Number of protein chains: 2
Amino acid sequence: MIDPDSGRPVYRQLADVIRGQIDRGELRPGQRLRTEPEYVDEYGIGRDSVRKAMALLRADGLIVTTRRGSRVRPLPDVAEVALSEDTVIRTRMPTQKERRLLGVPEGVPVFVVERPGAEPEVLAGDRTKLVVKAAPAGEGHGRSG
Amino acid sequence: MIDPDSGRPVYRQLADVIRGQIDRGELRPGQRLRTEPEYVDEYGIGRDSVRKAMALLRADGLIVTTRRGSRVRPLPDVAEVALSEDTVIRTRMPTQKERRLLGVPEGVPVFVVERPGAEPEVLAGDRTKLVVKAAPAGEGHGRSG
DNA sequence: ACGTATTTGTACGTATGTATC
DNA sequence: AGATACATACGTACAAATACG
């Protein structure tokens, strides 16, 4: 299943295998992965390679890891945030402080929303969906100044 | 400068040091970091710790690494993309294919823009800025259905 | 054209720490 | 308290890409 001589690094091969299992739904959100020693034994590879595979999947936001093991990242409820006119939206990875504050795991980016005349707002990328609403009929289109 | 007994992991301490240098502008975008062996010698730590520190900074989008060393991530030119009504925007990390296709380095998320009646569009998060434009005066406000 | 030095990448091992059950 | 499982941190060795002479 994993070929050390294939040219593709062992840890990437393992990451590919697990990514495939997630994509095909064999591993569902919230479901526990195997433990590191189990992957070591199962594929006859070093623990280092297993850990690097996990790190890859984590950085891509596919799994989350705690002291009790790794799980497929659960899909949180997504809140809709309406955007008003002249708003600028960027995305980037959060700082450590923002990660703590928002409670976002590794591999989850944030939105930075800048509304005119307001401080930039940082929103968790896994729990937020931005929506440009249709303007209410008969009312202004932002021409107030 | 780095204290192995401080409770904070060595590799995080090194990452903190470098992050500070970037934040304070002592290391500017595009500028080369020291090599791994240099950090090893300078702080008397293992190469493993240095590499993990680099991996952290890379995952946060602060640096990029090639076979010739690591540099502070250059700031690309940002293109403005206008959003129309009823558009939904999400953000997440790119898949490997998207990363290749868009040419985004590690630690850079993407926008997923869903316009009504169109395929979702994936935009590089480091080169794109979304803007909600003011509606043109006297014209429709999306009341077409 | 070729080899060499530099630098990061991969992959293994070992040991110990620490949180959780 | 003991077992389990991930986290940290060191070491070694070799591979591979790049740059330089």
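All values below come from the heavy atoms of this structure, side chains included, with hydrogens, waters and symmetry mates left out. Below, read A as the first sequence line, B as the second, and so on, with proteins coming before strands; counting in each chain starts at 1. Since we're looking at a predicted model, the values are computed, not measured.
- Using a 4.0 Å heavy-atom distance criterion, Arg8(A) is classed as making no nucleic acid contact.
- Not a single donor-acceptor pair, N or O on each side, falls under 3.5 Å between the base of dT8(C) and the side chain of Arg68(B).
- Pairing for dA1(C) is absent, judged as Watson-Crick or G-U wobble with the two contacts each under 3.5 Å.
- For the pair Leu101(A) and Pro94(A), the minimum side-chain heavy-atom distance is 4.5 Å or more.
- Considering only residues two or more places apart in sequence or on other chains, Ser84(A) meets the side-chain hydrogen bond (donor to acceptor under 3.5 Å, both in side chains) condition with Arg115(A).
- One can place CZ of Arg32(A) at 14 Å from P of dT20(C), the figure rounded to the nearest angstrom.
- Between Arg34(B) and Arg47(A), it is Arg34(B) whose nearest contact on DNA chain C lies nearer the 5' terminus.
- Taking the side chain as every heavy atom from C-beta outward, Arg99(B) and Asp60(A) approach each other to under 4.5 Å.
- Comparing Val10(A) and Glu36(B) by the nucleotide of DNA chain C that holds the closest heavy atom to each, the one mapping nearer the 5' end is Glu36(B).
- At a threshold of 4.5 Å between non-hydrogen side-chain atoms, the residues Gln13(B) and Ile45(B) do not count as touching.
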Expected list for residues 16-24 of chain A: side-chain donor-acceptor pairs under 3.5 angstrom, two or more places apart:
from: Asp16(A); atom 1: OD1; to: Arg8(A); atom 2: NH2; distance (Å): 3.4
from: Asp16(A); atom 1: OD1; to: Arg19(A); atom 2: NH1; distance (Å): 2.9
from: Asp16(A); atom 1: OD2; to: Arg8(A); atom 2: NE; distance (Å): 2.7
from: Asp16(A); atom 1: OD2; to: Arg8(A); atom 2: NH2; distance (Å): 3.3
from: Arg24(A); atom 1: NE; to: Glu26(A); atom 2: OE2; distance (Å): 2.7
from: Arg24(A); atom 1: NH2; to: Glu26(A); atom 2: OE2; distance (Å): 3.3

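- Distance, Lys52(B) NZ to dT10(C) P: 16 Å, rounded to whole Å.
- For the pair Val132(B) and Ile89(A), the minimum side-chain heavy-atom distance is below 4.5 Å.
- Met54(A) has its CE atom 17 Å from the C1' atom of dA11(C), to the nearest Å.
- Going from atom CG of Leu33(B) over to atom P of dT7(C) covers 13 Å, rounded to whole Å.
- For the pair Arg51(B) CZ and dT10(C) P, the computed distance is 7 Å after rounding to whole Å.
- In this structure, Asp48(B) atom CG and dG13(C) atom P are separated by 15 Å, rounded to whole Å.
- Using a 4.0 Å heavy-atom criterion, one finds that Pro4(A) contacts no nucleic acid atom at all.
- For the pair Arg12(B) and Val40(B), nearest-nucleotide mapping onto DNA chain D gives the more 5' position to Arg12(B).
- Tyr43(A) places its OH atom 15 Å from the P atom of dA11(C), with the value rounded to the nearest Å.
- Chain B approaches DNA chain D over the interval dT8(D) to dA19(D), counting the first and last nucleotide 5' to 3' with an atom under 4.0 Å from its heavy atoms.
- A salt bridge is defined here as a Lys NZ or Arg NE, NH1 or NH2 lying under 4.0 Å from an Asp or Glu carboxylate O, and Lys129(B) with Glu114(A) fails to meet this definition.
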